[in-house]
Amino acid sequence: MKKQMLHRPYIAVRTDSGRISYGGDQSWLSTAEERSFGCGLIGAADILRYLRGKQELEKPAKGTGFLTEALQSVAAFAGTAVGKQEYLEEVETLGKEFRIRGKLGITGFGLARRMNRVFRRERLPYRAKWSIGRRRLEKRLPEMLEADIPVLLSVGPGFFHKGQSLALYRRKEDGRYERVNSMRDHYVTVTGQLRAESVQGIEAGEVLLRISSWGEEFYIRFDEYMDHVKKYDNFLFSSILYIRRRG
C-alpha cells in the first residue's frame, strides 16, 4: 500500500483564540443537541467545502486549458484558514437540510441522501451512497483518497457493547504515536492513509488513518478499527460515505 493523502490542505478554521483547527469542531455549534450529535453535520460541511474548492480549481478558462487569473488566486490560497464566524454561517445554512434528530444524529443513509441533494442543487459532479461491507470499505476508502475526496467514516454505537470504544492517537514530535483519547458513536473525516514507521507503540508497516475530529488531527490504527467493528459493532453502522465522481 502506498501513502495516500488528500492533494490539498484540509479545511482549516481560525478560532477566536487564533488557533488554526484541523477541520470543523461540533463544540462550536449553537445548541446542546448539535454539540452532542453534530459530528455528521460537521463532516458533511467540511467535505462539501473541500469539494467546492476542488471543483473551482479544476474549471478551465474559456478557450484555454489553463486556470484563469481568478482561479489561480483560489489555487494560491487553497488551505488558507477561514474565519470561525464565516465557517459557522455556512454550517448553519447547511444545518437546515442536515437536521439532527435527537440521539440518532444523522444516519449514514440520511447523510448520503442529503449530500446528493446538495450535489444536484450546486451542480457538483458527485454521487454519494452509504457503503456497507468490509470488502467495500477496504477498497473504497483508498479509492476516494486517490481521487482527492475526503472520507466520512463512522464508528458505530455498538448497541450491545456500550463500554467499548476505539482508540485515538496523536503523532508526537519524536515520531511516536501516543494514545490520547477514544471514541464511539461518532463520525470522523479521513484525510490520509499511511504505513507507520518503526516507532514505539505502533508496529512498523501498520496502516494508520489520519483523521479530523473535534477540529484536531488524530490517527486511527486501521486493523484496530476493523477488529473493533467485528467484535463490538457491524459494517452497517461502522462504515464510510462513499462519494465518487460521476461520468
Side-chain angles (χ1 to χ4, degrees), residues 1-6 10 23 37 39-40 42-44 46-47 50-51 103-116 119 126-169 171 177 179 181-197 201-213 217-246:
M1 183 209 79
K2 63 180 180 179
K3 180 178 179 180
Q4 292 170 308
M5 300 290 179
L6 293 179
Y10 192 56
F37 308 108
C39 50
I42 290 294
D46 286 359
I47 291 170
Y50 189 91
L51 292 179
K103 293 183 179 181
L104 288 176
I106 308 174
T107 68
F109 297 103
L111 279 167
R113 186 168 59 252
R114 289 163 175 80
M115 290 288 272
N116 285 328
F119 290 155
Y126 299 98
R127 180 74 179 170
K129 68 178 179 179
W130 187 244
S131 182
I132 302 173
R134 177 175 184 139
R135 290 184 180 178
R136 288 174 178 167
L137 190 155
E138 290 174 327
K139 175 184 176 183
R140 289 170 171 175
L141 191 152
E143 174 189 317
M144 287 179 61
L145 292 173
E146 184 70 24
D148 195 27
I149 300 174
V151 184
L152 191 68
L153 176 142
S154 69
V155 179
F159 289 116
F160 302 107
H161 301 276
K162 293 294 187 181
Q164 302 299 326
S165 57
L166 180 71
L168 291 173
Y169 299 85
R171 191 175 191 276
Y177 291 87
R179 177 171 175 164
N181 211 328
S182 63
M183 64 175 179
R184 59 179 292 276
D185 201 10
H186 189 49
Y187 289 105
V188 301
T189 307
V190 180
T191 63
Q193 178 175 263
L194 64 152
R195 286 199 183 277
E197 300 172 355
I202 303 287
E203 293 183 8
E206 189 171 345
V207 178
L208 300 174
L209 302 181
R210 185 178 68 179
I211 67 164
S212 165
S213 178
E217 179 182 318
F218 295 105
Y219 290 84
I220 293 172
R221 300 167 80 169
F222 188 66
D223 286 345
E224 203 168 74
Y225 171 79
M226 289 302 206
D227 288 344
H228 175 87
V229 178
K230 183 179 178 180
K231 293 178 182 178
Y232 308 120
D233 204 67
N234 58 70
F235 288 99
L236 174 62
F237 298 110
S238 293
S239 194
I240 63 170
L241 183 67
Y242 178 52
I243 300 174
R244 62 180 177 83
R245 193 179 185 99
R246 297 197 312 268

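Hydrogens, waters and symmetry mates are skipped; everything else that's a heavy atom, side chains included, is used.
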| Just by modelled atom types, is the Ala128 backbone N or O under 3.5 Å from a matching donor or acceptor in the Asn116 side chain? | yes

| Is any side-chain heavy atom of Ile243 less than 4.5 Å from a side-chain heavy atom of Lys129? | no

| Using 4.0 Å as the upper bound for N to carboxylate O, is an ion pair formed by Glu206 and Arg195? | no

| task | Would you please name every residue forming a salt bridge (charged side-chain N to carboxylate O under 4.0 Å, His left out) with Arg134, sequence neighbours left out? | result | Glu138

| task | State, to 0.1 Å, how close Pro150 and Ile47 come at their nearest heavy-atom pair, and which atoms those are. | result | CB-CG1, 3.8 Å

| Atom OG in Ser238, atom NE2 in His186: separation rounded to 0.5 Å? | 12.5 Å

| request: Decide yes or no for Asp148 and Gln4: does some side-chain heavy atom of the first lie under 4.5 Å from some side-chain heavy atom of the second? | output: no

| request: Go through the side-chain N and O atoms of Asp46 and Thr189 and say whether any donor and acceptor fall under 3.5 Å apart. | output: no

| CE/Met226 to CD1/Ile220 distance, rounded to the nearest 0.5 angstrom? | 11.5 Å

| task | Verify side-chain contact (heavy atoms from CB on, under 4.5 Å) between Tyr50 and Ile149, making sure each step is shown before the conclusion. | result | CA-CA 8 Å; Tyr50 189 91; Ile149 300 174; over 6 Å; no

| query | Could you walk me through whether Met5 and Thr191 pass the side-chain contact (heavy atoms from CB on, under 4.5 Å) check? | reply | CA-CA 6 Å; Met5 300 290 179; Thr191 63; 5.7 Å; no

| request: Working to the nearest 0.5 Å, report the span between CG of Leu141 and CG of Leu209. | output: 6.0 Å

| said: Has Tyr187 got a side-chain atom pairing as donor or acceptor with Gly108's backbone, closer than 3.5 angstrom? | reply: yes

| message | Determine whether Leu166 and Tyr232 satisfy the following criterion, side-chain contact (heavy atoms from CB on, under 4.5 Å), listing intermediate values before the conclusion. | response | CA-CA 10 Å; Leu166 180 71; Tyr232 308 120; over 6 Å; no

| field | Value rounded to 0.5 Å, distance of CZ in Arg179 from CG in Leu168 | value | 8.5 Å

| Short question: side chain of Ser154, backbone of Phe237 - any donor-acceptor pair under 3.5 Å? | yes

| remark: Correct closest heavy-atom pair for Ala44 and Met115 would be CB-SD, 3.9 Å

| query | Do Val190 and Phe222 have side chains that get closer than 4.5 Å, going by heavy atoms? | reply | no

| query | Within a strict 4.5 Å, meaning less than it, do heavy atoms of the Phe119 and Leu51 side chains meet? | reply | yes

| task | List for me each residue that meets side chain to side chain contact (heavy atoms under 4.5 Å, CB included) alongside Glu143, sequence neighbours excluded, and say none if there are none. | result | Lys139, Arg140, Tyr242

| note | So OG of Ser213 and CG of Asn181: to nearest 0.5 Å the spacing works out to 8.0 Å

| said: Between Phe218 and Tyr169, is the side-chain contact (heavy atoms from CB on, under 4.5 Å) condition met? List the steps. | reply: CA-CA 6 Å; Phe218 295 105; Tyr169 299 85; over 6 Å; no

| query | Is there a side-chain contact between Arg244 and Tyr126 (heavy atoms, below 4.5 Å)? | reply | no

| query | Under a 4.5 Å cut-off applied to non-hydrogen side-chain atoms, are Gln193 and Arg210 in contact? | reply | no

| request: Name all residues meeting the side-chain hydrogen bond (donor to acceptor under 3.5 Å, both in side chains) criterion together with Ser212; count only those two or more places apart in sequence or in a different chain, and write none if there are none. | output: none

| task | Using the test side-chain hydrogen bond (donor to acceptor under 3.5 Å, both in side chains), find all partners of Arg171 that sit at least two apart in sequence or belong to another chain. | result | Tyr177

| query | Is there side-chain contact between Asp185 and Val155, with heavy atoms separated by less than 4.5 Å? | reply | no

| field | Results of side chain to side chain contact (heavy atoms under 4.5 Å, CB included) for Ser239 - residues two or more places apart only | value | Trp130, Ser131, Leu137

| said: Measuring only between side-chain heavy atoms, which start at C-beta, is Ile240 closer than 4.5 Å to Leu152? | reply: no

| task | Working to the nearest 0.5 Å, report the span between CD1 of Ile106 and CZ of Arg114. | result | 6.0 Å

| request: Tell me, please, which residues at least two apart from Arg245 pass salt bridge (charged side-chain N to carboxylate O under 4.0 Å, His left out). | output: Glu58

